[in-house]
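What follows is one structure encoded as C-alpha cells, with my remarks underneath.
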Amino acid sequence: MKAPSEDEPEATYEHLLTLWTSGTRDYQSMLSDYLMANSIIVMVIGLIVSRESHTLPLTVLIVLLCIFGILLCLQMAIVLGRLSGQNALWEWRLRGIEQDPDWHKVKLMTSLRQLHEIQHPIEDQRNEPTVFVPNWAFRQHRQWWAHRAISFPWFFGSVYALLLVYSVTKLLSA
C-alpha cells in the first residue's frame, strides 16, 4: 500500500479522519476502564472502612489500596492526556487540510472547532433547521474542569488522599 503524499489531500484526510475517530473511541474506552477500576477500588475501601472493627491488617490494606489508587490516578491523567493531545493533533492536521483553497468537500473539523472553541453556530442550507447553535455543553467543553483527563483523576485522587490520611491516622493512633 502506497503512503499518501501531499498531492493526495483526500487520501491523507481520510487516513487522518480514521486516526481521529479511532483515537476518540480509544479515549472513551480508556476513560471507561479507568472509571471502572477506580470505582471498584473506592468501593472495596468503602466496604473495609464501613466495618465496625478495624484490624491492623485491614488498615494496612486500605493504605496500600489508596497508594495504588493514587498511582492509578496519575496513570489515568497521563494516558488520557496523551490520547487527548494525540486526538487534538489529528484534528489540527484535518483542519489544515480543510483550509486549503482547493478543498471543496465538507469541512467537518472546521465545523467542530466552530462549535467547541469559537461557539459559533453552523449554517447548512440543506438541513432543517438551517442553523445549528451550540448548546451549554459545547460552551463548557473547553473549560479546565470539564476535561475528563483532569477532573476524574483529581476527584478520585482526592478521595484516595482523604482515605489515606484517615488510615494513616488510624495506624498512628493504634
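Taking hydrophobic clusters as Ile, Leu, Val, Met, Phe, Trp and Tyr residues chained together by side-chain heavy-atom distances below 4.5 Å, V42 shares a cluster with I67. L171 and V165 are assigned to two separate hydrophobic clusters, defined by single-linkage of ILVMFWY side chains at heavy-atom distances under 4.5 Å. Both I70 and F155 belong to a single network of hydrophobic side chains, linked directly or stepwise wherever heavy atoms of I, L, V, M, F, W or Y lie under 4.5 Å apart. Hydrophobic clustering (ILVMFWY, side-chain heavy atoms < 4.5 Å, transitive): L162 and L61 are in distinct clusters. I78 and L83 fall into different hydrophobic clusters, defined by Ile, Leu, Val, Met, Phe, Trp and Tyr side-chain heavy atoms under 4.5 Å apart, directly or through other members.
Annotation: the span from N87 atom CG to D26 atom CG amounts to 8.0 Å, rounded to 0.5 Å. One distance of note links CG of L16 with CD of E14; it measures 10.5 Å at 0.5 Å rounding. The line from CG of L94 to CH2 of W20 is 8.5 Å long, rounded to the nearest 0.5 Å.
Not counting sequence neighbours, T21 has no partner by the side-chain hydrogen bond (donor to acceptor under 3.5 Å, both in side chains) test. Listed by chain and number, the residues in a ring pair (Phe, Tyr, Trp, His ring centres under 6.0 Å) with F152 amount to none (sequence neighbours excluded). L163 pairs by the side-chain contact (heavy atoms from CB on, under 4.5 Å) definition with I45, V49, C66, V159, not counting sequence neighbours. Taking the side-chain contact (heavy atoms from CB on, under 4.5 Å) definition, one finds that T55 meets it with P57, L58, sequence neighbours left out. With sequence neighbours excluded, the residues satisfying side-chain contact (heavy atoms from CB on, under 4.5 Å) with S29 are D33. Under the side-chain contact (heavy atoms from CB on, under 4.5 Å) criterion, S111 pairs with Q114, I122, sequence neighbours left out. R93 pairs by the salt bridge (charged side-chain N to carboxylate O under 4.0 Å, His left out) definition with nothing, not counting sequence neighbours. Contacts of R82 classified as salt bridge (charged side-chain N to carboxylate O under 4.0 Å, His left out), with partners at least two apart in sequence or in another chain: none.
Within the 3.5 Å criterion, the main-chain N or O of Q28 finds no donor-acceptor partner in the side chain of S32. Listed for the E98 side chain is a donor-acceptor partner under 3.5 Å among the backbone atoms of L108.
Residue pairs meeting the ring-ring contact (aromatic ring centres under 6.0 Å, His included) criterion with at least one member in residues 83-103, sequence neighbours excluded: Y13-W103. Every pair passing side-chain hydrogen bond (donor to acceptor under 3.5 Å, both in side chains) that includes a residue from residues 36-46 is listed here, sequence neighbours excluded: N38-Y160.
Taking all atoms of both residues into account, the shortest heavy-atom contact from V63 to S167 is CG2-CB, 3.5 Å. Scanning all heavy atoms of the two residues, the minimum distance from K170 to S173 falls at O-OG, 3.1 Å. In this structure, C73 and G157 approach most closely via the heavy-atom pair SG-N, 3.4 Å. Residues V79 and Y34 come closest through the heavy atom pair CG2-OH, 3.5 Å. Residues A37 and L72 share a closest heavy-atom pair of CB-CD2, 3.9 Å.
Residues I62 and L164 are not in side-chain contact: their nearest non-hydrogen atoms beyond the backbone lie 4.5 Å or more apart. In this structure the side chain of M109 reaches within 4.5 angstrom of the side chain of L112, judged on heavy atoms. The closest side-chain heavy-atom distance from K105 to E10 is below 4.5 Å.
When hydrophobic residues (I, L, V, M, F, W, Y) are linked wherever their side-chain heavy atoms come within less than 4.5 Å, the members clustered with L47 are M43.
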Return all side-chain donor-acceptor pairs below 3.5 angstrom for residues 124-132, not counting sequence neighbours, or 'none' if the list is empty.
unit_1	atom_1	unit_2	atom_2	d
D124	OD1	R126	N	3.0
D124	OD1	R126	NE	3.1
D124	OD2	R126	NH2	3.4
D124	OD2	N127	ND2	3.1

Report task. Apply side chain to side chain contact (heavy atoms under 4.5 Å, CB included) to the pair L35 and M76, showing each step before the final yes or no. Result -> CA-CA 9 Å; L35 289 176; M76 179 182 183; 4.1 Å; yes
